S.K.: 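Sharing a structure below in structure tokens format, with a few things to ask.
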2 protein chains.
Amino acid sequence: MDNNLRAEIDRLHAQICSGLADPNRILILYTLAENAYNVSDLALKVELPQSTVSRHLKVLRDRDMVTAQRDGQSVFYSLSDDRIIQALNLLRAMLASSLENQAALARSVQIAS
Amino acid sequence: MDNNLRAEIDRLHAQICSGLADPNRILILYTLAENAYNVSDLALKVELPQSTVSRHLKVLRDRDMVTAQRDGQSVFYSLSDDRIIQALNLLRAMLASSLENQAALARSVQIAS
DNA sequence: GTAAAGTATGCAAATAGGCGAATACTTACA
DNA sequence: TGTAAGTATTCGCCTATTTGCATACTTTAC
């Protein structure tokens, strides 16, 4: 592949990943995977100020990771692609393995001492 | 689940995602998925300064996403878990779909005009 | 038209992250 | 011990991101 094209795709790829790189956004994405929410209900659900949630949703919208649909005064947001959750789940499972290993290591150190 | 624990896990989860949130690190991860490399060879391969590569590897090491193994003067790095690549591939496939949709939209606009 | 509900944005401050060049550290070997 | 190769880190600089508050914008309903 052309190197410049590869670089451009990697840039977009990294941009999507940066959409995942915030704990509040992860919570928002998992929440939207269950249900569509409008901004204020979502803010209540995740216990964050409305402006913070709105700004996170903009980050996700800019990356096409969520879809916005206006209904009256409200704007309903939903997950645009379930592969986002699949990817998050893979990484979370990896994290769980890693934490288990750390715990096992800690136990073995206790036993040895 | 306890809300504080959930928040802590989300924080670690986001930290892993932030490891993916840079185009050079994505290139490095895909490169290491093919082969283990020492730092300087990897720097040649990805065409970045040694210090830049070393710093990126530290980011990945801190998140347990790569494994370092010293052999003589060299330190060989390898991917610590293939699920990283699986997650990246899911997101890249999503990106590809999105780019295709954009292209199709652009074509339809041309036809319509 | 005006008020109210819902949403987005400007602002300012703080924090984090990226880079290359230079330098320090580590290991091997003469 | 001293030199070279390989790696990590410090430095200076710059850009990006997150946050809450206050405010502006948009839509509905009276």
Side-chain angles (χ1 to χ4, degrees), chain A residues 7-8 10-29 31-32 35-80, chain B residues 7-8 10-29 31-32 35-80:
Chain A
E8 173 63 9
D10 281 350
R11 194 185 63 76
L12 293 171
H13 198 174
Q15 198 164 294
I16 288 176
C17 292
S18 75
L20 305 175
D22 180 275
N24 289 332
R25 280 200 296 274
I26 288 181
L27 179 55
I28 287 172
L29 287 166
T31 304
L32 292 181
N35 270 297
Y37 281 91
N38 65 23
V39 181
S40 42
D41 285 352
L42 181 57
L44 286 176
K45 178 81 174 171
V46 301
E47 298 180 292
L48 288 172
Q50 177 266 327
S51 69
T52 297
V53 170
S54 179
R55 225 185 298 268
H56 280 309
L57 288 170
K58 174 169 172 50
V59 170
L60 297 172
R61 211 178 344 112
D62 286 346
R63 289 158 175 73
D64 280 321
M65 298 168 78
V66 299
T67 304
Q69 189 165 5
R70 176 141 229 150
D71 178 14
Q73 298 134 322
S74 296
V75 178
F76 283 83
Y77 281 87
S78 51
L79 199 67
S80 68
Chain B
E8 174 62 10
D10 280 349
R11 194 184 63 77
L12 293 170
H13 198 173
Q15 197 164 296
I16 288 176
C17 292
S18 76
L20 305 175
D22 179 274
N24 288 333
R25 279 200 296 273
I26 288 181
L27 179 54
I28 287 172
L29 286 166
T31 304
L32 293 181
N35 270 297
Y37 280 92
N38 65 23
V39 180
S40 43
D41 284 353
L42 181 58
L44 287 176
K45 178 80 174 173
V46 300
E47 297 180 292
L48 288 171
Q50 178 266 329
S51 69
T52 297
V53 170
S54 180
R55 229 173 312 102
H56 280 308
L57 288 171
K58 174 170 172 48
V59 170
L60 297 172
R61 210 180 342 113
D62 286 346
R63 290 159 175 73
D64 280 323
M65 298 168 77
V66 300
T67 304
Q69 189 166 6
R70 177 141 229 151
D71 178 13
Q73 298 133 322
S74 296
V75 177
F76 282 84
Y77 281 87
S78 51
L79 199 67
S80 68

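Fair warning: this is a prediction, and the values are worked out from it, not measured in the lab. Hydrogens, waters and symmetry mates are skipped; everything else that's a heavy atom, side chains included, is used. In what follows, chains are A, B, ... by sequence order, proteins preceding strands, each numbered from 1.
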S.K.: Report the residues that fulfil side-chain contact (heavy atoms from CB on, under 4.5 Å) with D64(A), sequence neighbours left out, ordered by chain and then residue number.
M.R.: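 Expected list: S98(B), Q102(B).
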S.K.: Tell me the interatomic distance from I28(B), atom CD1, to dT7(D), atom P, rounded to whole angstroms.
M.R.: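 Spelled out: CD1 on I28(B) to P on dT7(D) is 13 Å.
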S.K.: What residues, two or more places apart in sequence or in another chain, satisfy side chain to side chain donor-acceptor pair (under 3.5 Å) together with S80(B)?
M.R.: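 Expected list: none.
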S.K.: Give every donor-acceptor pair under 3.5 Å between a side-chain atom in residues 37-53 of chain B and any protein atom, sequence neighbours left out.
M.R.:
unit_1, atom_1, unit_2, atom_2, d
N38(B), OD1, D41(B), N, 2.9
N38(B), ND2, S74(B), OG, 3.3

S.K.: Checking contacts here: which listed nucleotide (dA8(D), dA22(D), dG17(C)) is nearest the side-chain heavy atoms of S51(A)?
M.R.: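 Per side-chain heavy atoms of S51(A), the pick is dA22(D).
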S.K.: Treat primed atoms plus P, OP1 and OP2 as sugar-phosphate and everything else as base, then score nucleotides 24-30 of chain C 5' to 3': B for base contact with protein heavy atoms under 4.0 Å, S for sugar-phosphate contact only, - for none.
M.R.: --SBS--
S.K.: So if I take residues 38-48 of chain A and measure heavy-atom distances to DNA chain C, which residues fall below 4.0 Å?
M.R.: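 Per residue number, the list reads N38(A), V39(A), S40(A).
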S.K.: Assess whether one donor atom and one acceptor atom, taken from the side chain of R55(B) and the base of dG17(C), lie less than 3.5 Å apart.
M.R.: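 Donor-acceptor pair under 3.5 Å: no.
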S.K.: Please name all residues satisfying side-chain contact (heavy atoms from CB on, under 4.5 Å) with A36(B), sequence neighbours left out, ordered by chain then number.
M.R.: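 Per chain and number, A36(B) pairs via side-chain contact (heavy atoms from CB on, under 4.5 Å) with S78(B).
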S.K.: Sequence neighbours left out, what passes side chain to side chain donor-acceptor pair (under 3.5 Å) with Q69(B)? Give chain and number order.
M.R.: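 By the side chain to side chain donor-acceptor pair (under 3.5 Å) rule, Q69(B) matches no residue at all.
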S.K.: Could you tell me the separation between the CG atom of D62(B) and the C1' atom of dA8(D), rounded to a whole number of Å?
M.R.: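 Computing the D62(B):CG to dA8(D):C1' distance gives 12 Å.
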S.K.: Is the distance from OP1 or OP2 of dG20(D) to the nearest side-chain N or O of T52(A) less than 4.0 Å?
M.R.: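 So the side-chain polar atoms of T52(A) do come within 4.0 Å of the phosphate oxygens OP1 or OP2 of dG20(D), strictly under.
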S.K.: Taking DNA chain D as the partner, which of residues 10-25 of chain B come within under 4.0 angstrom of it by heavy atom?
M.R.: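 When residues 10-25 of chain B is checked for heavy atoms under 4.0 Å from DNA chain D, there are no hits whatsoever.
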S.K.: In this structure, how many angstroms lie between the P atom of dT18(D) and the CG atom of L27(A), rounded?
M.R.: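 Atom-to-atom, L27(A) to dT18(D), this comes out as 15 Å.
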S.K.: With sequence neighbours left out, what residues match N35(B) under side chain to side chain donor-acceptor pair (under 3.5 Å)?
M.R.: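 In terms of side chain to side chain donor-acceptor pair (under 3.5 Å), with neighbours along the sequence ignored, N35(B) is linked to no residue.
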S.K.: In whole Å, what is the span from the CZ atom of F76(A) to the C1' atom of dG6(C)?
M.R.: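 These atoms are roughly 11 Å apart.
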S.K.: Rounded to whole angstrom units, what separation is found between the NZ atom of K58(B) and the C1' atom of dT10(D)?
M.R.: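 The answer, rounded to whole Å, is 13 Å.
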S.K.: Indicate whether OP1 or OP2 belonging to dT17(D) is found under 4.0 Å from a side-chain N or O atom of H56(A).
M.R.: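 Checking dT17(D) against H56(A), no side-chain N or O comes under 4.0 Å of OP1 or OP2.
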S.K.: Let me spell it out: for each of S74(B) and Q50(A), pick the nucleotide of DNA chain D with the closest heavy atom. Which residue's pick is nearer the 5' end?
M.R.: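 Nearer the 5' end of the strand: S74(B).
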S.K.: Would you say V66(A) and L29(A) make side-chain contact, with heavy atoms under 4.5 Å?
M.R.: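 Of all side-chain heavy-atom pairs linking L29(A) with V66(A), at least one is under 4.5 Å.
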S.K.: Write out all pairs satisfying salt bridge (Lys or Arg N to Asp or Glu O under 4.0 Å) with one or both partners inside residues 14-26 of chain B, taking only residues at least two apart or from two chains.
M.R.: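 Non-adjacent pairs meeting salt bridge (Lys or Arg N to Asp or Glu O under 4.0 Å): zero.
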S.K.: Could you tell me which residues satisfy side-chain contact (heavy atoms from CB on, under 4.5 Å) with R70(A), sequence neighbours excluded, listed by chain and number?
M.R.: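 Once residues adjacent in sequence are excluded, the partners of R70(A) under the side-chain contact (heavy atoms from CB on, under 4.5 Å) criterion are V75(A).
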S.K.: For dA8(C), does either OP1 or OP2 sit under 4.0 Å from a side-chain N or O belonging to Y77(A)?
M.R.: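 So the side chain of Y77(A) is within the cut-off, an N or O lying under 4.0 Å from OP1 or OP2 of dA8(C).
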S.K.: Distance check needed: dT7(D) P versus Y37(B) OH, whole Å only.
M.R.: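 These atoms are roughly 14 Å apart.
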S.K.: What are the two closest non-hydrogen atoms of S18(B) and R63(B), and how far apart are they?
M.R.: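 Smallest interatomic distance, heavy atoms only, reads OG-NH2, 3.0 Å.
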S.K.: Please name all residues satisfying side chain to side chain donor-acceptor pair (under 3.5 Å) with Q73(B), sequence neighbours left out, ordered by chain then number.
M.R.: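 With sequence neighbours excluded, Q73(B) shows a side chain to side chain donor-acceptor pair (under 3.5 Å) to no residue whatsoever.
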